[in-house]
Asker: 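One structure, pasted below without further comment.
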Amino acid sequence: MSEHPFEITGEDVEGMKRGFGAFVARLLVAEAASQQLPGDQLLISAREDDPDGGVDATMLDSPGSRWVPEGTSAWQFKRSDIRPGLLKKELGKPEVKDILDSRGSYCFALGADLTARKTRRRRKVL
């Protein structure tokens, strides 16, 4: 648990268990509202246990903001770390490929504290 009341650590996120997807989804809903996007431009998978093809949420035609890329973006939520090999496998899923092939963005929300080295390895895969 963090010493700062508004800081969320990787340990905090991993402790959320099934609530992590709902947490990130609410952040995307708030961001979509701040951009005044119509409700049908944000699509969220509501059930964390369903096979999602590598996409937990999709933001369509966003003007872009500090947290959301411009255009269409797919989002994958992971409560903990994901190894580079598994990350590469996620990128090969049809739903993800469709978005990337149409010049969209793929965003990972990881609930793990990553070292600089781990971050570089995952970015290299991406």
Asker: Hey, quick one: are L100 and L86 part of the same hydrophobic cluster, counting side-chain heavy atoms closer than 4.5 Å, chains of contacts allowed?
Answerer: yes

Asker: Applying side-chain contact (heavy atoms from CB on, under 4.5 Å), name anything that partners Q41, two or more places apart in sequence or on another chain.
Answerer: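 With neighbours one apart ignored, the set is L37, P38, L60, D61.
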
Asker: NZ of K93 to OH of Y106: how many Å apart, nearest 0.5 Å?
Answerer: 7.0 Å

Asker: Sequence neighbours left out, what passes side-chain contact (heavy atoms from CB on, under 4.5 Å) with V29? Give chain and number order.
Answerer: L42, I44

Asker: Under a 4.5 Å side-chain heavy-atom rule over Ile, Leu, Val, Met, Phe, Trp and Tyr, are M59 and I99 clustered together?
Answerer: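 Different clusters.
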
Asker: Residues in side chain to side chain donor-acceptor pair (under 3.5 Å) with S73, at least two apart?
Answerer: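 Checked S73 against side chain to side chain donor-acceptor pair (under 3.5 Å); matches are W75.
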
Asker: Once you round to the nearest 0.5 Å, how far does CZ of F77 lie from CG of L28?
Answerer: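 F77 atom CZ to L28 atom CG measures 5.0 Å (nearest 0.5 Å).
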
Asker: What's the spacing between R103 CZ and E70 CD if we round to 0.5 Å?
Answerer: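 So the CZ of R103 and the CD of E70 are separated by 11.0 Å.
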
Asker: Show me the pairs that pass side chain to side chain donor-acceptor pair (under 3.5 Å) and involve residues 116-126, at least two apart or across chains.
Answerer: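 Those involving residues 116-126 are D81-R122.
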
Asker: Hey, could you give me the CD/CD distance between E90 and E95, rounded to the nearest 0.5 Å?
Answerer: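 Output value for this atom pair is 10.5 Å.
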
Asker: In chain order, what residues pass the side chain to side chain donor-acceptor pair (under 3.5 Å) check against S62, with sequence neighbours excluded?
Answerer: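 Side chain to side chain donor-acceptor pair (under 3.5 Å) list for S62, sorted by chain: Q35.
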
